[in-house]
Amino acid sequence: MARISTQPIALAGVVLAGGASRRMGRDKATLPLPGPVPGSTAATNERPGTITMVEHVVGVAGQRCKPVFVVAAPGQRLPTLPAQVVRDEARGLGPLIATGRGLRAAAEAGATHAFVCAVDMPLLTTDLIDELANRAAQVDADVVLPWDGRDHYLAAVYRTELTERIDALVAAGERAMRALVDSVDAQRVVVSDSRALANVNSADDLNTLLQPSR
């Protein structure tokens with residue numbers, strides 16, 4: 001049965017930063033953001049033009065999530081972050097394995113739920129995280145994810161106890177996040193304004209996203 005709670009749910013944060021970034025052609029995590037980013041806070045705009053994508057996303061997530069973990073590739077260079085860095089065992093294994101590693105770190109820190117997101121979300125907002133967290137507090141679901149015509153697996157709230165399910169899926173040869181979400185109780189939240197969910201795969205994508213809304 002669904003459970004109803006009026007208490008805000010506590011979240012850890014997991015930022016997946018170790019992707020191969022093949023379409024971008026460079027590491028997305030250290031991509032510089034050109035000037036103040038729409039939707040970001042004063043704290044993340046202290047150094048306009050010099051802040052990196054991972055600094056920005058960790059800064060936004062850290063306003064709502066404690067602690068925050070960054071899952072990075074082996075040898076990947078990152079700036080100093082207000083987060084704990086967890087390393088993948090190898091490059092190019094995909095987001096499912098990285099999510100499992102981040103959720104395990106969050107569980108070991110005592111968190112029962114974590115907001116998991118990709119590093120390439122320059123318009124991520126705490127409002128989005130709160131919307132998903134509020135829904136997670138109301139329902140007894142394993143995953144609460146946003147939907148705007150498609151599922152967004154890497155901007156969702158996950159139970160940290162899903163690590164065993166992830167291990168089993170990986171052992172069976174699965175690498176896709178869909179395999180996890182389709183195998184558990186997932187609740188979808190319809191998002192009318194999907195700008196906060198936007199990912200970037202090229203410099204043109206980033207420049208387009210950072211144009212002021214009309």
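Heavy atoms of other residues, nucleotides or ligands lying less than 6.0 angstrom from CZ of R178 number 12 at most.
In this structure T112 satisfies the side-chain contact (heavy atoms from CB on, under 4.5 Å) test with no other residue, sequence neighbours excluded.
Distance CG/L180 to CD1/I166: 5.0 Å, rounded to 0.5 Å. Taking CD1 of I9 as the reference point, atom CG of D130 lies at 11.5 Å (rounded to 0.5 Å). The distance from atom NE2 of H152 to atom CG of L132, rounded to the nearest 0.5 Å, is 11.0 Å. Here NE2 of H113 is found 9.0 Å from CG of L162. Values are rounded to the nearest 0.5 Å. Interatomic distance, L145 CG to D151 CG, rounded to the nearest 0.5 Å: 4.5 Å. Separation of atoms CG (L124) and SG (C117) is listed at 5.5 Å; rounding is to 0.5 Å.
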Evaluate the criterion salt bridge (charged side-chain N to carboxylate O under 4.0 Å, His left out) for residue pair R64 and D127; output intermediate values, then yes/no. CA-CA 9 Å; R64 181 61 179 82; D127 287 343; over 6 Å; no

side-chain contact (heavy atoms from CB on, under 4.5 Å) for Q187 and V189? Distances and angles first, verdict last. CA-CA 7 Å; Q187 296 285 322; V189 175; over 6 Å; no

Take Y158 and L103 through the side-chain contact (heavy atoms from CB on, under 4.5 Å) test and state the conclusion after the steps. CA-CA 8 Å; Y158 291 81; L103 291 180; 4.0 Å; yes

Which is it for V54 and L81 under the side-chain contact (heavy atoms from CB on, under 4.5 Å) test, yes or no, and what are the steps along the way? CA-CA 8 Å; V54 68; L81 298 166; 4.0 Å; yes

Could you walk me through whether L96 and R175 pass the side-chain contact (heavy atoms from CB on, under 4.5 Å) test, one step at a time? CA-CA 6 Å; L96 182 61; R175 291 293 183 270; 5.5 Å; no

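Not a single donor-acceptor pair under 3.5 Å links the side chain of S194 to the backbone N or O of L197. Between the side chain of D185 and the backbone N or O of D142 there is no donor-acceptor pair closer than 3.5 Å.
Connection of V15 to V86 is not established within any shared hydrophobic cluster, with ILVMFWY side chains joined at heavy-atom distances below 4.5 Å, either directly or through further cluster members. Hydrophobic cluster membership differs between F69 and M53, with clusters built from Ile, Leu, Val, Met, Phe, Trp and Tyr side chains linked at under 4.5 angstrom. If you chain together hydrophobic residues whose side chains sit under 4.5 Å apart, W147 and V157 never meet in one group.
The minimum heavy-atom distance linking G18 with Q76 is given by the pair CA-OE1, 3.4 Å. Shortest non-hydrogen contact noted between E55 and P79 is CG-CG, 3.7 Å. Considering all non-hydrogen atoms of both residues, H56 and P122 come closest at NE2-O, 2.9 Å. Heavy-atom minimum distance, V14 versus L16: CG1-CD2, 3.7 Å. The minimum heavy-atom distance between T99 and L154, with the atom names listed, is OG1-CD2, 4.2 Å. Scanning all heavy atoms of the two residues, the minimum distance from I129 to A61 falls at CD1-CA, 4.0 Å.
Under the 3.5 Å distance criterion, with hydrogens and angles disregarded, no donor-acceptor pair is assigned to the side chains of N199 and K28. R165 and S183 share a side-chain donor-acceptor pair at under 3.5 Å.
Just one of V58, T52, V70 meets the side chain to side chain contact (heavy atoms under 4.5 Å, CB included) condition when paired with L78; it is V70.
With respect to R195 and D148, no salt bridge is recorded, no charged nitrogen being found less than 4.0 Å from a carboxylate O.
Legend: salt bridge (Lys or Arg N to Asp or Glu O under 4.0 Å) pairs involving residues 95-115, not counting sequence neighbours, sorted by first then second residue: D88-R101, E89-R101, R104-D167.
The closest side-chain heavy-atom distance from V144 to R159 is not below 4.5 Å.
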